[in-house]
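Residues: numbered from 1 along the sequence shown. Each ligand, and each atom within it, is numbered from 1 in the order the structure gives.
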Amino acid sequence: MSSSTFKVVTIAGATGPLGFHIADAFLNDRSYKIKILRQKPESENKNASLLASKGAEIVYVDYNDRNDLVKALKETDVIVCAIGGAEFLAPQRALLVAAKEVGVKRFIPSEFGSDIKAITGELHPLHKVKVEFLQELEKSGMEYTIIVTGLFQEYFGTLGFDHKNKKAKLYADGNTKIANTSLPDIGKYTVESLKLPEARNGTIRVSAPVLTLNELLQKYEEITGSKWEVSYDLTVRERYKSNTDPVPTMLDDLSAYIAITLDIKDLHNDKFSFTPRPADEAISALVKS
Ligand SMILES: NC(=O)c1ccc[n+]([C@@H]2O[C@H](COP(=O)([O-])OP(=O)(O)OC[C@H]3O[C@@H](n4cnc5c(N)ncnc54)[C@H](OP(=O)(O)O)[C@@H]3O)[C@@H](O)[C@H]2O)c1
């Protein structure tokens, strides 16, 4: 792996579950100056305090104020955006505009999930806006890396696994493949991506060993030491769209969509220096929690 020429990495959204682990991995790596952008007004946050205690500089910005953002991004070589939530697009767009103005060298957008550019079926609205942004990013001339990680292992529950009640309500066929990565490993992959030639204007796809829904269920059963009650609901998406009884919730529809978009191909795992944590360890941790 070659060395990186970048010196200053600025992470937006570092107080969230994903951003925290990305910032933490950069701080543990000790090769970069780490700045963390937080939205104004100033507020207390446990993750921000922890990252600051490890050496991150916390900078508060108004994402609606271009001058403020430009000032905050001065000297930044790499932006990692880990902003989430329904309103993530506007601040991410503002970051891209300011990054161009400042001369930031690389932009890593808030992706870290499905390989959305490779999805052939109808896109969920959340992915639609993400794809639109990726097109804007590619057109902007800014160097970028899209990082595709599959499902966060910590979020296996969204697939319908309920370890507390030893029940699974699955929204896709049991043979559906699920790429998955732990949050700490996503942090490490993001850090190492800066040294990979493939990451320059490219998509990096990584995952712990990919398992089917049936294989995940089997692991849950082994780890909890009991047979689970399993049901399948394979018409959630159609019922949601046509408002047919029983009408699923928006979250059930999202879970059903996610389950069928995690079969990620052409992984770059062999380009990285470490082996990702397997799903078993994540499931054990979830069951103990
Ligand atoms: N693959 C998966 O399984 C999976 C699961 C969940 C999420 N994701 C993806 O991971 C990314 C991050 O998600 P997350 O859940 O970790 O993020 P999040 O917790 O929703 O947000 C992270 C941080 O972003 C900042 N933020 C939130 N809304 C903002 C806004 N409107 N303007 C400016 N800053 C804002 C906040 O930090 P401050 O207040 O400190 O600024 C917040 O703590 C997203 O792209 C999401 O789609 C993937």
Side-chain angles (χ1 to χ4, degrees), residues 10-25 35-52 56-65 68-69 72 79-96 98 107-116 119 123-134 137 145-161 178-187 189-190 205-208 210 216 251 254-255 257-264 276 279 282 286:
T10 298
I11 302 160
T15 53
L18 171 70
F20 172 77
H21 285 281
I22 292 176
D24 195 46
K35 291 210 284 190
I36 280 164
L37 293 193
R38 296 204 61 212
Q39 55 189 334
K40 283 178 180 170
E42 293 193 19
S43 60
E44 285 291 312
N45 181 279
K46 239 171 62 189
N47 282 347
S49 304
L50 203 57
L51 295 169
E57 181 190 343
I58 312 286
V59 183
Y60 284 91
V61 288
D62 176 353
Y63 284 93
N64 297 313
D65 179 340
D68 203 21
L69 263 184
I79 292 181
V80 183
C81 183
I83 299 175
E87 306 301 328
F88 87 100
L89 193 61
Q92 178 161 262
R93 273 203 179 115
L95 272 176
L96 178 58
F107 196 102
I108 302 183
S110 195
E111 280 302 316
F112 309 96
S114 309
D115 193 358
I116 58 174
I119 295 173
L123 291 172
H124 188 278
L126 278 179
H127 279 177
K128 225 181 225 171
V129 293
K130 283 192 164 194
V131 167
E132 277 166 21
F133 179 81
L134 294 185
L137 180 58
T145 305
I146 298 163
I147 302 183
V148 168
T149 60
L151 185 68
F152 300 167
Q153 290 178 341
E154 292 79 355
Y155 292 20
F156 276 145
T158 57
L159 296 170
F161 295 109
I178 307 294
N180 61 93
T181 311
S182 74
L183 287 164
D185 285 343
I186 294 176
Y189 281 125
T190 306
R205 298 175 204 84
V206 290
S207 174
V210 176
L216 281 168
L251 269 182
L254 182 59
S255 296
Y257 172 79
I258 285 169
I260 55 165
T261 62
L262 291 167
D263 182 4
I264 293 163
L286 282 169

What residues form a ring pair (Phe, Tyr, Trp, His ring centres under 6.0 Å) with Y63, not counting sequence neighbours?
-> none
Lys NZ or Arg CZ of K130 over F88 ring: under 6.0 Å, within 45° = yes
Do the non-hydrogen side-chain atoms of I186 and H21 ever get within less than 4.5 Å of each other?
-> no
Name the residues with a heavy atom less than 4.0 Å from ligand 1?
-> G13, T15, G16, P17, L18, R38, Q39, Y63, A82, I83, G84, G85, E87, P91, S110, E111, F112, G113, K130, G150, L151, F152, Y155
S207 side-chain N/O to N180 backbone N/O, donor-acceptor pair under 3.5 Å = yes
Do T149 side-chain atoms and F112 backbone N/O form a donor-acceptor pair below 3.5 Å?
-> yes
Salt-bridge test for D68 and K40: reply yes if a basic N is under 4.0 Å from a carboxylate O, no otherwise.
-> yes
